[in-house]
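What you see below is based on every heavy atom in this structure, not just the backbone, and it leaves out hydrogens, waters and symmetry mates. Labels below follow one simple rule: chain letters A, B, ... track the order of the sequence lines, proteins then strands, and each chain is numbered from 1.
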Amino acid sequence: MQYQFNQIEKDWQKYWAENKTFKAKDNSAKPKYYVLDMFPYPSGAGLHVGHPLGYIASDVYARYKRLLGFNVLHPMGYDSFGLPAEQYAIQTGQHPAVTTKMNIEGGIDKQGNVIPGYRNQLDKIGFSFDWDREVRTSDPNYYKWTQWIFKQLFNSWYNKDADKAEKIDILIEQFKSKGNADVNAVCDDVATFSAADWNSWNEEQQQKMLLNYRIAFLSDTWVNWCPALGTVLANDEIKDGVSERGGHPVEQKLMRQWSMRITAYAERLINGLEGLDWTDSVKDIQRNWIGKSQGASVKFKVLSPTLSKGEGEATPKYLTGDAAIGHLLLDNAKEMRRNPTEAESVLWIHLKGKKLDVKFRRQHPIDSYIADFVCLDKKLILEVDGKIHDLQKEADEARTERLNELGYEVLRFKNEDVLADIDTVITKIATILAQRPSIKDEAKVLPFGKDLGWEVSVFTPRPDTIFGVSFMVLAPEHELVDVITTPEQKAEIEAYKKAASLKSERDRQSDIKNITGAFTGAYAIHPFTGDKVQIWIGDYVLATYGTGAVMAVPCGDQRDWDFATHFGIEIKNIFKDKDISAAAYTEKDAIITDSDFLNDLPAKEAIKKAIAEIEKRGFGKGKTQYRLRDAVFSRQRYWGEPFPVYYKGDVPYLVDDKDLPIVLPEVEKYLPTEDGKPPLGRAKNWAYKVLPSGKDLGWEGPIELNTMPGWAGSSWYFLRYMDANNDNEFVAKEKVNYWKNVDLYIGGAEHATGHLLYARFWTKFLYDLGYIPFEEPFQKMINQGMIQGNSAKAIKLLTHVYIADINNNINTPQIDACEIPEFFISSDLLEKLEDNDIDLSVKIKERLNNLGRAIKQQNPEKIGELDFAPNASYSIYIPINYVKNNILDYEDLKENNHQFNRAEFICNENGDFIVEREVEKMSKSKYNVQTPDELVEKYGADTLRCYEMFLGPLEQHKPWDTQGITGVHGFLKKLWRLFHSGENESFYVDETPILKSVVGGPPPSGELEGDEGALKSLHKTIKKVKEDIERFSFNTPVSAYMICVNELTAQKCNKRAILEPLLIILAPYAPHIAEELWAKLGNKESITYAVYPKYNEAYLVESNHKYPVSFNGKMRFVLELPTALTPTEVEKEVLANEQTTKYLEGKTPKKIIVVPQKIVNVVV
RNA sequence: GCCCAGAUGGCGGAAUUGGUAGACGCGCACGACUCAAACUCGUGUUCUAACGAGUGCGGGUUCGAUUCCCGCUCUGGGUACCA
């Protein structure tokens, strides 16, 4: 009987589904094991052979664990929200829910394309998934709980003292009783307030304060906004300042968005990595991403230009803030500029750009205050009240008094006035302005610069090198740049700033060689030495990182060294006995010198001492800095989870648990609205009804228009599998307590900084709140390598067509492009052609001429001549199914592919057309995609499973090549034949038991034969396969199976006692054939839960060992000796051997090394 | 630049703690079966005519190195004027 894999596989897949063979029990006496594949996005293109690679490995492991007696959880589902479905919806108008469903379940789409369906494709490969636990992130029953978790994040804050997230209620209690002075939280910058302050605030003020603490919070973030697309773009979606798709302009825009305070977990996310069984490379990627650096923040006072020049230079007139608290004011001003109230925004529109003929500044520091708007020239301040001003009437009065003292007039407006009648407000301002004198007319400058004591704050990981500071560099965008630049340097600085702003982020990053910068003319004071230190700006300093400023230590930092060298700035050497004439000394192992109290200390101790001293003298402190930013959690998209959030004014509130899920509404279009709101802005009745309760009177609040990002649903899906159908909780406590975290997680390393970091963050958060009993989601992870396509390309010659008229003038041809033949040349001929092989050129020319003549005959008025350029050719992709062994079946290609109907193929001497091969990513456009379906059809799922594993180590990238698949298929056929040794290949096994003498006991001495040989083959394989699977070496067991089957075939073994255990160990790799033969052996239960055979060392014991004998490490011959011999006896035997004499060439051996059961080495 | 991983026949790869380099499979060659082809089976296959050489290159440690150490080259991935 033949191995009819198609029928067998269909039957068993049906059996497994009907009997729910792989259903996992949620509690069991068996030990648990959780094997998970990374959540797939169900794309319309379906699976190619690269996708199931990881699934096959995890399935092998899951099946293996079941055989070992584990209760295995092995689920599958879909991360079904996402951009492609939305993009497709925009293009075709089909609801993403419809196309997503079809991508999973299969069908025929509106365009008539047949969609195979992920599930159908997966089913054909014979995976042992527990499909009753399937989840889809876009299913309201699933995202109900994503929304619920969001609510928990919103209702939590991070308590640094407890080092964990806590409920926000705890925080509110503290605010009520003690204010925020004692609260040690990870939060935005907030001013200190008292309990009295808190209690006096209204609901809105309190809520706004709480947003600064919540783990899910609203904040204004700079984003790449593309107005034409109505969406925010990621950095890599932008090329040369325009959107990659469509080439639309992109602008930086402040946008109010949801963020996640992942930074609170930075330290725990780094520390947690230690205990994880992941590859070092993924751990390193996460460590780099979090980017922890320890050091100190140090403040440098800025010397006034006046003092620096020593000649009474006028203070810049716009420097009006109180120098002592300047940096604070500036930071506040910056912050407030980003968060203008509506009234402020309206007023600003009418003031900015000298609309009233004078320059207004907004949120500008004056003395120790920040004025909402100020016209310095006319000394007029405009205040718009309504935020917190109501609370501090008294403070306002004091403020006005002080400002009046300074010669300012203060005009106050109310929010309502501005919003209700801006014209009246503007008229009033214009009137006052007209009355006030301009200070330009006055002789003296502003008097307020008590001293220019601005400070530049920097972070340094090397405070030990502080005595090596010889200059400072600010980012060109740094707030202080305008403030401190001296008039002489103004022009240069402005020019540099402009140049820097014109460079794209990419340009600034890639241009490392060009050292650029400009001197501000200002100096800072070295906090220890009191020396004057030049302040420069340079675009190698990034405004977005740290404080946007560095203290430059040219002797210890290469970029600083380059900068100093380039601009001829002094380089101090503070490292003992280190040469810094050619480059900076960047190692952390030098002894510090010329550094006052740090002298003679090694760097590490110097760091500690420097921090202590900096803190003691009060101009800085020890600090740990992270590169990690809070994660933006809003997307201006349709196809994602809606937020369970509605607004009362601009304050967000959560919807009630009982109203979850907030279901994604229907919209007529999936595009942003005309006024730039996200697609949900198109939804009708998109509001949350707050029902009358208590004193609340029932009203409607608009629901959030953004949706959640892709990582929301995938950050916790592994928990849902434990309890996929629970309507009351996201996961029942007893279930998560049983299953705990994922034991083996398989998927691509490309998720290292996305999914894998966010999922860890959410897991830690849920742990903090006590919902789950573990902190890390994925204990062991394997990153499978990409299966690359093996593209085929045909070389196309460049042909010319030209017409020469009577006067031999060459004209542009007036012929139809369709009539020009396309010449392709076998790739092995190309070289000849390039070498000007005359024969070949002549041959091709002749063919061209013939063709030209033929065409000319038909169209005498049209055609001129055809020619080709031997050195000009290019390659075009050929669908790989027309290629076998690099030979193109061009007749077949021409017949089936109209693209090639004008093609002429020039073959080599053997009449073959050879294509070029290239290993690259599998993609439709490269015609190199191999779907698993065709292979399953042709060879069967078991063959595909074994072959994908056989290709090589799971983690490695490898090219796909179907040629080898026949070998694996042959192995399964050979296995089948072992069981069909009866007449006419009918099923037959020998039921006689194994020789008693060898069961359990040591085998009889001498050459093993018959049963002993079969036992040895079997047990060697049991051992090898078990060890290999356990160390996740999935490719080597396949070889072991092959060797075993080859040996058993050679031995003509047909004993049940040998073949039955073999089936069990093979079942994880080739489950269908194993089940079939297992059933044929008379077993009634599925092989899934059979018992993995134990290997017996006794069968592997050899009586003889073939000793390789080497001379000076070079193997010369093999000598078979009994294993029982002692090393001395072995030595004797070797010396006595005549071959030894031959290789000794009469010399006496110096030494003989005998490693028992291994080798003999003779040293001559 | 920095961090990580890797480099072995014509190809995919094996060699788990230093002990016969090239298992297993593909491909290729030859042979058997067949009228023939396919399938299947068998034999051979690192290079070299041979002596010998040989695991990216150059050194080192060792009786012995694909394996350990030092220095490089190349490939892939990550990351980036990160202070």
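- In this entry the distance linking CG of L757(A) with P of G78(B) reads 16 Å, nearest Å.
- The existence of a salt bridge linking E267(A) and K292(A) is confirmed by a sub-4.0 Å separation between a basic side-chain nitrogen and an acidic carboxylate oxygen.
- The base-pairing partner of G31(B), taking Watson-Crick or G-U wobble contacts with both distances under 3.5 Å, is C41(B).
- F1032(A) has its ring centre less than 6.0 Å from the ring centre of Y61(A).
- Rounded to whole Å, the separation between the P atoms of G9(B) and G64(B) comes to 25 Å.
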When every nucleotide of nucleotides 38-51 of chain B is labelled 5' to 3' by its protein contacts under 4.0 Å (heavy atoms), B for base, S for sugar-phosphate only, - for none, what sequence of letters results?
-SSS----------

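- Rounding to whole angstrom units, CZ of residue F563(A) and P of G1(B) are separated by 22 Å.
- The separation between N783(A) atom CG and C4(B) atom C1' is 12 Å, rounded to whole Å.
- Within the shown strands, C57(B) is the pairing partner of G71(B) under the Watson-Crick or G-U definition, both distances less than 3.5 Å.
- C2(B) and C72(B) have their P atoms separated by 10 Å, with the value rounded to a whole Å.
- Note: F563(A) and F471(A) meet the aromatic proximity criterion, with ring centroids under 6.0 Å apart.
- Whole-Å rounding puts the D562(A) CG to G1(B) C1' distance at 11 Å.
- The two residues T1021(A) and A1040(A) make their nearest non-hydrogen contact at CG2-O, 3.9 Å.
- For H980(A) and Y3(A), the distance between ring centers is not under 6.0 angstrom.
- In G9(B) the base sits syn relative to the sugar, since the glycosidic angle is no further than 90° from 0.
- Along RNA chain B, the nucleotide nearest to V1162(A) and the one nearest to A1040(A) differ in position, and the one closer to the 5' end is contacted by A1040(A).
- Rounded to an integer number of Å, the gap from CD of Q963(A) to C1' of G10(B) is 11 Å.
- Atom P of U79(B) sits at a distance of 40 Å from the matching atom of A23(B), rounded to the whole Å.
- The six-membered or imidazole ring of Y947(A) lies near that of W960(A), with a centre-to-centre distance under 6.0 Å.
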Could you go through the salt bridge (charged side-chain N to carboxylate O under 4.0 Å, His left out) check for R287(A) and D284(A) one step at a time?
CA-CA 5 Å; R287(A) 278 193 201 105; D284(A) 281 339; 3.2 Å; yes

Check nucleotides 11-13 of chain B against the protein and report each pair of N or O atoms closer than 3.5 Å, with its distance, or say if there are none.
unit_1	atom_1	unit_2	atom_2	d
G12(B)	O2'	L951(A)	O	2.4
G13(B)	OP1	Q956(A)	OE1	3.3
G13(B)	O3'	N1035(A)	ND2	3.4

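- Across all strands shown, A65(B) has no partner, as no Watson-Crick or G-U wobble contact with both distances under 3.5 Å is found.
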Scan nucleotides 15-19 of chain B against the protein and return all N/O pairs shorter than 3.5 Å with their distances rounded to 0.1 Å.
unit_1	atom_1	unit_2	atom_2	d
A15(B)	OP1	R1031(A)	NH2	3.3
U16(B)	O4	K1024(A)	NZ	3.2

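- Between the side chains of T516(A) and Y496(A), at least one donor-acceptor pair of N or O atoms lies under 3.5 Å.
- Going from the C1' atom of C11(B) to that of U61(B) covers 35 Å, rounded to whole Å.
- Here the separation of G56(B) from C74(B), taken at their P atoms, is 16 Å to the nearest Å.
- Between U66(B) and G6(B), the distance separating the two C1' atoms is 13 Å to the nearest Å.
- Here C24(B) presents its P atom at 8 Å from CG of N1046(A), a figure rounded to the nearest Å.
- For U46(B) and G42(B), the C1' atoms lie 23 Å apart once the distance is rounded to whole Å.
- Taking 4.0 angstrom as the limit, R559(A) places a side-chain polar atom (N or O) nearer than this to OP1 or OP2 of C82(B).
- V1163(A) comes within contact range of the sugar-phosphate backbone alone, with a heavy-atom separation under 4.0 Å but no base atom that close.
- When the C1' atom of C82(B) is taken as reference, atom CZ of R462(A) falls 15 Å away, rounded to whole Å.
- Pairing for A50(B) is absent, with no Watson-Crick or G-U wobble pair whose two atom distances lie under 3.5 Å.
- Ranked by how close their nearest RNA chain B nucleotide is to the 5' end, R627(A) and Y947(A) are led by Y947(A).
- When both pairing distances are held under 3.5 Å, G10(B) makes a Watson-Crick or G-U pair with C26(B).
- Inspection of the Y64(A) and E1030(A) side chains reveals an N or O donor paired with an N or O acceptor under 3.5 Å.
- Side-chain rings of H1019(A) and Y1095(A) stay apart, their centers remaining 6.0 Å or farther from each other.
- If you take atom P in U67(B) and the same atom in A7(B), they sit 11 Å apart, rounded to whole Å.
- Which of C4(B), G27(B), G78(B) sits closest to the side chain of I285(A) comes down to G78(B).
- In a base pair of the Watson-Crick type (N1 to N3 plus N6-O4 or O6-N4) or a G-U wobble (N1-O2 and O6-N3), with each distance short of 3.5 Å, U79(B) is matched with G1(B).
- Considering only the side chain of M1115(A), U20(B) comes nearest among U20(B), C82(B), C24(B).
- A side-chain N or O of Y540(A) and one of D560(A) form a donor-acceptor pair less than 3.5 Å apart.
- Inspection of the E1133(A) and N1137(A) side chains reveals no N or O donor paired with an N or O acceptor under 3.5 Å.
- The only member of V1134(A), N1161(A), V1160(A), T1128(A) that meets side-chain contact (heavy atoms from CB on, under 4.5 Å) when paired with I1152(A) is V1160(A).
- Nucleotide A21(B): unpaired (no Watson-Crick or G-U wobble partner with both distances less than 3.5 Å).
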Could you walk me through whether S1039(A) and T1036(A) pass the side chain to side chain donor-acceptor pair (under 3.5 Å) test, one step at a time?
CA-CA 5 Å; S1039(A) 306; T1036(A) 44; over 6 Å; no

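- The distance between atom CG of N288(A) and atom P of G78(B), rounded to the nearest whole Å, is 13 Å.
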